[in-house]
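Before any comments, here is the structure.
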Amino acid sequence: MDQDTEVAAAAGGMTGALYVVATPLGNLADITLRALETLRGADLIAAEDTRHSRHLLQAHGIGTKLLAVHEHNEAGAAPRILERLRAGEKVALITDAGTPCISDPGSRLVAAVQGAGFPVIPLPGPNAAIAALSASGLDVPHFLFHGFLPTKPTARRHAIEGLKAVRAVLVFYEAPHRVIETVADLAAVLEPEREIVLARELTKLFETIARMPLSEALAWINADANRSRGEFVLIVSAPPAAEGLDPEAERVLKLLLEEGLPVKQAVKLATGITGAAKNALYQRALEIGREG
Ligand code: SAM
């Protein structure tokens, strides 16, 4: 697609396109003006659960036809949607809550539509991970969105082990019936001084956002049955800085590496400038290299 066509598509001035539309997490008022206009103007809405979405659409007086497109029929539904696009129709894709394709169905359909040469136009809006991060109170220079962890305990612990050294805030989705096990595993595997934010029922009546050291989280959640009810985003702060390396030494080392100095030379200079331990600087330089 050339640039003009892209602009026309983004402006909604073209038919035969798939619109990926974010919808509310709970509060029905959390929908953008552009989403309402697009859903109203679409020829068809592909929805994860048509009954669930009808509630949202009725609340906004939208009568557009719905077609069920979920995890189990996504591949089969794609040809039917392509047919509609070939006929010049506008199709909107929505899921039960938040942004389609983010721990939700839709990516196979998006790929099929792109593969057939039709534009895919995202309409940004609610997303549980971003909402939770924005109210977490954590410093978030980088975050890793993991979504759901494995449901089996051994696989879950293994997955958390694999994330332990990632120098970023970690973001998980979790269902109410597994949240206690998951919090227990996060506390068992990760450093106890890391903080956890439990963001529950965002935008809904019982919205709760609680931040505490990971070592206190299990006792906190077990202290009141209401604290494990509803939908959760779990956020864990980044790992503590490498032992023996103060923030100034880390800053200088990073600067030197960013200037393109080889590891050995950057470590030597950083040792001279900051007086930090050479070994700690060397270890950290290797980590920075691995992080890319
Ligand atoms: N696509 C969605 C998004 O953009 O956030 C996520 C869908 S995923 C199937 C559902 C999970 O998202 C829930 O299990 C929970 O972890 C999280 N979630 C959805 N709504 C939430 C809310 N209101 N409060 C907290 N977490 C929520």
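Counting convention: from 1, in listed order, for ligands and their atoms alike. Atom set for the values below is all heavy atoms of this structure, side chains included, hydrogens, waters and symmetry mates excluded.
Cluster partners of L269, by chain and number: V252, L256, L261, I273. The rule joins Ile, Leu, Val, Met, Phe, Trp and Tyr whenever side-chain heavy atoms lie under 4.5 Å apart.
Under the rule for a ring-ring contact (aromatic ring centres under 6.0 Å, His included), the partners of F172 that lie at least two apart in sequence or sit in another chain are H146. Considering only residues two or more places apart in sequence or on other chains, E71 meets the salt bridge (Lys or Arg N to Asp or Glu O under 4.0 Å) condition with none of them.
The CG atom of L198 sits 5.5 Å away from atom CG of L234, with the distance rounded to the nearest 0.5 Å.
The pair E248-R251 counts as a salt bridge, with a side-chain nitrogen and a carboxylate oxygen less than 4.0 angstrom apart.
Residues lining ligand 1 at a heavy-atom distance below 4.0 Å are given as L25, A97, G98, T99, I102, S103, D104, N127, A128, F148, Y173, E174, A199, E201, L202, K204, E231, F232, V233, ordered by chain and residue number.
The main-chain N or O of L25 is never found under 3.5 Å from a side-chain atom of D30 such that the two would form a donor-acceptor pair.
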